[in-house]
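Before any comments, here is the structure.
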Amino acid sequence: MSTIPSPTPLLDAFYERRAELKRYFAARVGDADADDLVQETYIKIAAITDDRDIRSPGAYIYRVGNNVMLDRLRKQRATAARENEWRRITGTLSSSGEDVFDAVPADEVLISRDNLRRLLAALEELPENVQNTFRRHKFDGLSHSEVAAEFGVSRSLVEKHMMFALKHLIRRLER
């Protein structure tokens, strides 16, 4: 259960200057944050139980408001610096306001390594000429014609080797 603070000269001064304070904040940080800053200033002012020593309530309110605004700006800068450092360390790219991680997730790396290991083991089971044809085409990026010219065989034979290798690898990797 919340209690409403008893009226004090400081709170009265705040209520009188609330709209003016909002304009003051809006001119410095924009309308979106101005209401929050006014509210935070109110919370600080309302928490003061003895305002007898405050000689100029208006000036005091603006001092409290400035401190609230500066604290918020410091926090925002610290947060931005921390996020930028995080992006730099983790290789995160920011695209249209969304973070995109440049690194491949560790579980995907492990799965890919295992799949490659299984593929290479299955490839080793094939005859050497089929292995070489497959490696030159799939790993080195040569066309069927280039592989045929390199090995001195017909393009048709390269295509047959590729079909044989692919069927074998699919069978072995589906297990």
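Numbering of residues begins at 1 and proceeds along the displayed sequence.
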How about [X] and [Y]: do any of their side-chain heavy atoms sit closer than 4.5 Å?
X    : Y    : value
R63  : N67  : yes
H161 : F151 : no
R18  : V38  : yes
I170 : E174 : yes
M162 : F134 : yes
P9   : D51  : yes
T41  : F25  : yes
L70  : R74  : yes

- Would you call R155-E159 a salt bridge at under 4.0 Å N-O? yes
- Item | Pairs involving residues 120-131, ordered by first then second residue, that meet side-chain hydrogen bond (donor to acceptor under 3.5 Å, both in side chains) (sequence neighbours left out) |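 Checked against side-chain hydrogen bond (donor to acceptor under 3.5 Å, both in side chains) - neighbours excluded - the pairs reaching residues 120-131 are E124-R135, E125-H168, E125-R172.
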- What residue pairs, at least two apart or across chains, pass side-chain hydrogen bond (donor to acceptor under 3.5 Å, both in side chains) with a residue in residues 23-34?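 Listed by first then second residue: Y24-N66.
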- Those residues at least two apart in sequence (or on a different chain) that pass side-chain hydrogen bond (donor to acceptor under 3.5 Å, both in side chains) with S154 are none
- Task: Please name all residues satisfying side-chain hydrogen bond (donor to acceptor under 3.5 Å, both in side chains) with D53, sequence neighbours left out, ordered by chain then number.
- Result: none
- With sequence neighbours excluded, residues passing side chain to side chain contact (heavy atoms under 4.5 Å, CB included) with L119: L116, F139, L169, L173
- State whether the side chain of E83 and the backbone N or O of A80 hold a donor-acceptor pair below 3.5 Å, judged by distance alone.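 No, because the side chain of E83 does not come within donor-acceptor range (under 3.5 Å) of the backbone of A80.
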Measure the [atom1]-[atom2] distance between [X] and [Y] for me, rounded to the nearest 0.5 Å.
X    : Y    : atom1 : atom2 : answer
H144 : L157 : NE2   : CG    : 11.5 Å
R52  : I54  : CZ    : CD1   : 11.5 Å
Y60  : R55  : OH    : CZ    : 13.5 Å
K22  : L37  : NZ    : CG    : 11.5 Å
F164 : L126 : CZ    : CG    : 6.0 Å
Y42  : L11  : OH    : CG    : 5.5 Å

- Task: Give the minimum heavy-atom separation between V130 and A165, together with the two atoms involved.
- Result: CG1-CB, 3.7 Å
- Please name all residues satisfying salt bridge (charged side-chain N to carboxylate O under 4.0 Å, His left out) with E150, sequence neighbours left out, ordered by chain then number.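 So E150 forms a salt bridge (charged side-chain N to carboxylate O under 4.0 Å, His left out) with R136.
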- Query: Any chain of hydrophobic side-chain contacts (each under 4.5 Å) joining V147 to M163?
  - Reply: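 Different hydrophobic clusters.
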- Item | Within 6.0 angstrom of Q39 CD, more than 12 heavy atoms from elsewhere |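 No, CD of Q39 has 12 or fewer neighbouring heavy atoms, counting only those of other groups under 6.0 Å.
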